[in-house]
Amino acid sequence: MKFINSTTIALALFLTMANSPYSKANPDEGMYPLSELNKAGLKKAGLRISEKDIYNPGQVGLVDALVQVSGCTGSFVSNRGLIITNHHCAFSAVQLASTAINNYLKNGFVAQNQEQEIEAKGLKIRITDSYEDVSNKILNAVANISDPVERINTIKRKQEELVKQAEKQDPTIKAEVSEMFIGKSYVLFRYKTIEDVRLVYIPRQNIGEFGGETDNWVWPRHTGDYSFLRAYVSKDGKSAPYSKENVPYQPKKHLKVNPNGVRENDFTFILGYPGKTFRHRPAQYIQYQQDYLLPYVSNLYDFQNKQMEEAGKDNTDIALSLATRIKRNANVLKNYRGKLKGLRGIDLLATKKQEDEALAAFILSKPELKDKYGSLLADIESYYQVSNQDALKELWINNIYNSTSLLKVARDINALKIALGKEKSPQAAKALFDRDIQKIKTGIKEAYESYNKQADQRILTKMLQDAAAFQGKNQLPAIQTLQLNSATAAGFATEIINNTKLADQNYVLNTVLANADALQKFDDRLLNFQAALNNDIVTFAAEQKRREGVLNKLMGDYVAVKEIFQAKNFIPDANSTLRLTYGHIKGYSPADATYMKPFTTIEGIIQKGNLGLAEFDYPQEIKTAYLNKNFGPYLQKDLGSVPVNILYDMDTTGGNSGSPIMNENGELIGVNFDRAYDATINDFAWNESYSRSIGVDIRYVLWVADKIDNAHFILKEMGI
Ligand code: ARG
Ligand code: GLU
């Protein structure tokens, strides 16, 4: 289907919904917080268990099997703390555990018993314990505050206060106050945490990352994006750092795996921790994304990646050190380009403008609303007019440190150096130095891990050239002083990177940072440049805070009055808190003359392999099993093969990676890991016609574990 305008889509959607057995209560909003589950219409859509089996305050429910694991989601699948999540969610921990000799990233890893499991460095787990609405406590505190900076400071202070209170009441939890609607509603969440996480079973890279960047954000997909971890606690059941003495954690609940999988049109739901969406924003926000943020960041990341790939092309060590940065950039950049395509395709901006105009007219038609919100839309417009004037500067500032590793090093060193300068006596300076130095060194070492001179120089050149060309309010005094133009920027970047002592990690760590005195005497041009830049950034940060305060009030009012206008309660945008979404296994039609089926199979792996591209390399064992039709009980007869990935119309976003996909009985049938290209725009507007997410079918996981990796213990532990 070609993209038609969204009014047509909405109409078509309305017509199909009216006579579809699958109609949702809110067809456009599907990330339900636990407090809203009863409004979701789950039973009507096909859920066979009771909503209370999913979540019932004070009782055990499916939500107790859910974990948040370093920005992703996972779920317990055994009573001994076994967790299933994505391969890409465990990626960094696998990389850290890998060496050239034991390359678990490349070859995969199967711990045949508990002793063989490896510490998953950097992975931590959170489990939602309970929550409580604290909107009144926060909003009452700002009810009479009109100064925007004071407003935002008070909100933040109040949040911290509530967190401290909750953690004092129950020292076994970590608390967090999440903003559900900007400036309008706040919920305090209590989390249990687990620090000791181990790698149990990781498929090899050409299964777990099959298709690489080429297939990322793409359907049809054939990626075995899964991995198994285990949570450990101390003998008395408490969270504790990694220790041999720790024992597997016994979750309150674990999910039952259903090895029979799903069929097309089956009802499914997902519990997980979606990160961030932007659906309750006015037209101007979409315009900002479309005109500034998405093109700027995607073009910059594209440029950065080209430089980093070039830097590593003949040197594996360099390539490895830049791999994570490149992968992260590539993921975001493709997502943003997908969003730009989607925004153009459905002309979301026009729809949003119409919505806002209708809202404005509604406000004017009701005297009581006119009193309270009469200037709201004009105020929003002027907010964006002001902030767009220096939008480029803001984007530049937000990206300068991830562009140039040595500037990041300079930033951390300067921060300490400046703090030392403010101390009243040499003794006090020394004490401060001793207190902070280890933490600073750790941060600096991290920056060096992905530092490459050639890439740094070229990327800094581009950043300086861009900044030198900025006009009006976008200008940065620190750059203006240098009087750079496009030609001289390159010379400046080369010279400053070539001559800085900061390029020498050993010198920095052992000489510059040897003691407070050495640091205070250290002088360097790059360091001075960063200090000048920092002045501009600090000045701008004050203005940013003022804007945050203004926006907080505006967005609170915007959503409040829109709820009155549309006479319904909204579902809050994703904010990394636990949510449920539901839908069905479903194909779609992303382009003229195409129809995409909702299952891929092992054949697809073989077909892609025939392209002869490195990213479609796959294990020979898969070919052998395929040729022998060794599909075992995982065969889906009508497909004549084992299903590999599945497609569905649920509402997911970044952070939902690793989320369990469950059937009508709440049994695990897959693991979410991606979205189709056209669905990247979900974050602004969800729509049944283009919104499709991608998961790995549990039958593929079981088949690979059984037939390819001989990880039979996993099947046994999950009760298969
Ligand atoms: N697109 C998926 C997600 O947003 C998978 C990312 C895996 N990383 C990658 N660069 N391929 O996280
Ligand atoms: N891969 C994403 C993640 O890491 C999920 C895909 C999406 O954004 O929907 O959370």
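Indexing begins at 1, ligand by ligand and atom by atom, following the structure's order.
V701 pairs with exactly one of V704, D697, I698 by the side chain to side chain contact (heavy atoms under 4.5 Å, CB included) rule, that one being I698. Checking D678, T680, N331, D674 one by one against W217, the side-chain hydrogen bond (donor to acceptor under 3.5 Å, both in side chains) holds for a single residue, N331.
Between the CZ atom in R190 and the CD1 atom in I127 there is a gap of 16.0 Å [rounded to 0.5 Å].
Side chain to side chain, E309 and N305 fail the donor-acceptor criterion of an N or O pair below 3.5 Å.
Looking at ligand 1, you'll find an N or O of K327 within less than 3.5 Å of one of its N or O atoms.
At a 4.0 Å heavy-atom cut-off, ligand 1 touches W217 through the side chain alone.
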Quick one: side chains of residues 314-323, donor-acceptor pairs under 3.5 Å with protein atoms, not counting sequence neighbours, listed by atom name and distance.
from : atom 1 : to   : atom 2 : distance (Å)
N315 : OD1    : D317 : N      : 2.9
N315 : OD1    : I318 : N      : 3.1
S321 : OG     : I318 : O      : 2.8

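Residue, atom and distance of the protein heavy atom nearest to atom 3 (C) of ligand 1 are N331 ND2, 3.6 Å. The protein heavy-atom contact nearest to atom 5 (C) of ligand 1 is N216 OD1, 3.4 Å. When hydrogens are left out, the protein atom nearest atom 10 (N) of ligand 1 is E213 OE2, 2.8 Å; that is the closest non-hydrogen contact. Protein heavy atom nearest atom 12 (O) of ligand 1, with residue, atom name and distance: H88 NE2, 3.3 Å.
Among residue pairs with one or both ends in residues 605-614, those qualifying as salt bridge (charged side-chain N to carboxylate O under 4.0 Å, His left out) are D215-K608; sequence neighbours excluded.
Seen from the ring of F91, K327 counts as a face-on cation partner, given the 6.0 Å and 45° thresholds.
D302 contributes no side-chain N or O that, together with a main-chain N or O of L333, makes up a donor-acceptor pair within less than 3.5 Å.
Against a heavy-atom cut-off of under 4.0 Å, D674 is close to the following atoms of ligand 1: 1 (N), 2 (C).
Within 4.0 Å of ligand 2, protein heavy atoms belong to H88, W217, T652, T653, G654, G655, N656, S657, F673, D674, R675, listed by chain and number.
In terms of the ring-ring contact (aromatic ring centres under 6.0 Å, His included) criterion, residue partners of F109 (sequence neighbours excluded) are, by chain and number, Y104.
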